[in-house]
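Letters go in sequence order (proteins before strands), and every chain restarts at 1.
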2 protein chains.
Amino acid sequence: MVLSRIILGLLALAPMTGYDLKRHFDSTVGHFWSADKAQIYRILAQLVAEGYAEVETVAGSGAPDRQEHRITAAGRAALAAWLASEPERQVERDPFLARVFFGADLDDDGLRSLFAQRRAATRAQLARFERMRAEAGASDRGARLRLATLDNGIAHLRTELAWLDAVEEEVA
Amino acid sequence: MVLSRIILGLLALAPMTGYDLKRHFDSTVGHFWSADKAQIYRILAQLVAEGYAEVETVAGSGAPDRQEHRITAAGRAALAAWLASEPERQVERDPFLARVFFGADLDDDGLRSLFAQRRAATRAQLARFERMRAEAGASDRGARLRLATLDNGIAHLRTELAWLDAVEEEVA
DNA sequence: ATCTCCTAGATGACTTGTCTACTAGCCGCG
DNA sequence: CGCGGCTAGTAGACAAGTCATCTAGGAGAT
């Protein structure tokens, strides 16, 4: 459900192919949702079946044909209905914290490397997000909101680093 | 995979029934993983089939019979192997941020109530976590690590509230 | 000339997780 | 006495997501 509404939302910004959508999930919306391309194509087909999107095959000039998907009026209505609906309850799922929770069964080296890896991954992502933020402009309200979701990610990554500092000092 | 290893980890702390496990997922480990009971029972059966756990039926005195699951040596080895293995890559998935990202399609009232709900939910969870934290003691290293995961949750919830303050001021 | 990468899309098998509903006995409340 | 709630477990249908594999043409590199 959420994925299909995110796709509708992206199609509302511009008509796109499944391939274009995949790139969005690997960049602009990747900080709050990810998607496998098989899943994207299946949901596009479903959106078309539901009448929320229309396909137009654009002959590729020196490239494969593009199946451009365009949101319909019904699709915009469905998007608006989702936005106004009860938010789905959040499922917390962090495999790293699971490892820490049972970290007593790990030797000192294992524990240290667990934290070190997390720190490196967090730093790398923070760098990526900050680069994205530097490139983005916040002209209208839509852009400001989109930027705010990125700031959310940045804030949490910084919190994670601070937490790592505290834990490593206390446990190690 | 992660769920089955978390269940192994919990069984390593004490022998348990599926029902006991479900309560753990609703309390002690709920801040980083949740599980449906149907899923828990299925994985327990699978762990037994793999030889990672053994069942003992304990006749209930004034209650239904309990299927107590006890971790085996092979189970402990599998748990240790998982802890030392490459961490699974994190999938970020936050339906609330998805709504914010497309929040421009929402009217002012809708946007305000979206943030208000998030704030209320975040505050409620923070209160729950802080209560849990107050009750917990950090005697040995295992307990300190388990507490650290709770502190992680608390830190992120506080960050979320701070972010909400900033966003509401800027956007609203 | 071949190889690899990129764009573009389709498909099947599989795993994981959720929802609903059912059985069944005990306890306490009113 | 009936009703709801708790303990304990089972079963089936579905939804969501992942992984691997396949087709196919063009561009650029070796």
For [N], does either OP1 or OP2 sit under 4.0 Å from a side-chain N or O belonging to [X]?
X     : N      : result
A:T17 : C:dT7  : no
A:Y19 : C:dG9  : no
B:R23 : D:dT7  : yes
A:R89 : C:dC19 : yes

Item checked: Test: B:D20 and B:R23 ion pair at under 4.0 Å -> yes

Notebook entry, point to check: Is B:R76 salt-bridged to A:D105, cutoff N-O under 4.0 Å?
Noted result: no

Please report, rounded to the nearest Å, how far the [atom2] atom of [N] is from the [atom1] atom of [X].
X     : N      : atom1 : atom2 : result
B:D36 : C:dT15 : CG    : C1'   : 15 Å
B:L21 : D:dT7  : CG    : P     : 14 Å
B:D26 : D:dT7  : CG    : C1'   : 14 Å
B:L3  : C:dT18 : CG    : P     : 9 Å
A:R93 : D:dT18 : CZ    : C1'   : 15 Å
A:D65 : D:dG26 : CG    : C1'   : 13 Å
A:Q67 : D:dG25 : CD    : C1'   : 15 Å
B:K37 : C:dT23 : NZ    : C1'   : 11 Å

Nearest listed nucleotide, side chain of [X], among [options]:
X     : options                : result
A:A38 : C:dG9, C:dG17, C:dT11  : C:dT11
B:Y41 : D:dT10, C:dC19, C:dT7  : D:dT10
B:V91 : C:dT18, D:dG9, D:dT18  : D:dT18
A:M1  : D:dA16, C:dG17, C:dC19 : D:dA16

Check: If you round to the nearest 0.5 Å, how far is OH of B:Y52 from NE2 of B:H69?
Finding: 15.5 Å

Checklist line | Candidate pair B:E86 and A:Q117, rule side-chain contact (heavy atoms from CB on, under 4.5 Å), full reasoning | finding: CA-CA 9 Å; B:E86 281 302 291; A:Q117 272 191 52; 4.1 Å; yes

Next item on the list: Please say whether more than 12 non-hydrogen atoms of neighbouring residues, nucleotides or ligands are located less than 6.0 Å from CZ in B:R141.
Entry: yes

Note to self: Quick check: on DNA chain D, is the nucleotide nearest A:Q39 upstream (toward 5') of the one nearest B:D20, or the reverse? Name the residue that is more 5'.
What the structure shows: B:D20

Note to self: With hydrogens left out and only the distance checked, is there a donor-acceptor pair under 3.5 Å joining B:R42's side chain and the base of C:dT18?
What the structure shows: yes

